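Counting begins at 1 with the first residue of the sequence. From a predicted model like this one, the values you see are computed outputs, not experimental measurements.
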Amino acid sequence: SDLTVPSNIISEYDGQTLTFSWDSVPGATEYDVYISDDPSGTFVLEGSTPDCFWMIEPYETKIFIYIVAKN
């Protein structure tokens, strides 16, 4: 079935961990998180989660993410 795009993505940094969270998508059972250092470049799958958040160690450069809802 068609799923909507995750929305209300929030990033938080506590000095050690960068956390992204988003609103759940109705019907989604999992989310894939992709990361790139260039918004027009190649995005690489960072991982998958059934939760509406993702935690990573901070990068030395600016990063861009996109999240895909799956079922």
Side-chain angles (χ1 to χ4, degrees):
S1 65
D2 292 336
L3 299 174
T4 59
V5 176
S7 61
N8 297 322
I9 299 171
I10 298 170
S11 62
E12 296 179 25
Y13 179 60
D14 66 5
Q16 296 180 345
T17 303
L18 184 58
T19 302
F20 297 95
S21 60
W22 54 89
D23 290 347
S24 64
V25 174
T29 57
E30 188 172 60
Y31 301 89
D32 285 347
V33 178
Y34 293 83
I35 293 180
S36 177
D37 60 359
D38 179 355
S40 300
T42 302
F43 280 75
V44 176
L45 179 63
E46 176 76 9
S48 299
T49 180
D51 303 311
C52 293
F53 68 91
W54 189 256
M55 296 170 35
I56 59 173
E57 292 183 17
Y59 284 66
E60 291 185 18
T61 61
K62 186 180 286 187
I63 63 166
F64 302 87
I65 70 163
Y66 76 83
I67 301 161
V68 177
K70 301 182 344 181
N71 63 3

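Minimum interatomic distance between I67 and P6 (heavy atoms only, all atoms of both residues): O-CD, 3.6 Å. Nearest heavy-atom pair across S48 and K70 is OG-NZ, 4.5 Å. The minimum heavy-atom distance between T4 and A69, with the atom names listed, is O-CB, 4.0 Å.
The side-chain heavy atoms of T19 and D14, taken from C-beta on, include no pair separated by under 4.5 Å. Between W22 and N8 the shortest side-chain heavy-atom distance does not fall below 4.5 Å.
To the nearest 0.5 Å, atom CG of residue L18 and atom CD of residue E12 are 9.5 Å apart. Expressed to the nearest 0.5 Å, how far CG of D37 lies from OG1 of T42 amounts to 9.5 Å. Here I56 contributes atom CD1 and I65 contributes atom CD1; the two are 7.5 Å apart, rounded to the nearest 0.5 Å. Here the CG atom belonging to N71 is positioned 9.5 Å from the CG atom belonging to D2, to the nearest 0.5 angstrom.
Connection of Y34 to F20 is not established within any shared hydrophobic cluster, with ILVMFWY side chains joined at heavy-atom distances below 4.5 Å, either directly or through further cluster members. Under the 4.5 Å side-chain contact rule for hydrophobic residues, V68 and F43 share a cluster. Both F64 and Y66 belong to a common hydrophobic cluster when Ile, Leu, Val, Met, Phe, Trp and Tyr are linked at side-chain heavy-atom distances under 4.5 angstrom. Both I9 and Y13 sit in one connected hydrophobic cluster of ILVMFWY residues. Membership requires side-chain heavy atoms under 4.5 Å apart, directly or through other members.
For Y31 and W54, the ring centers sit 6.0 Å or farther from each other.
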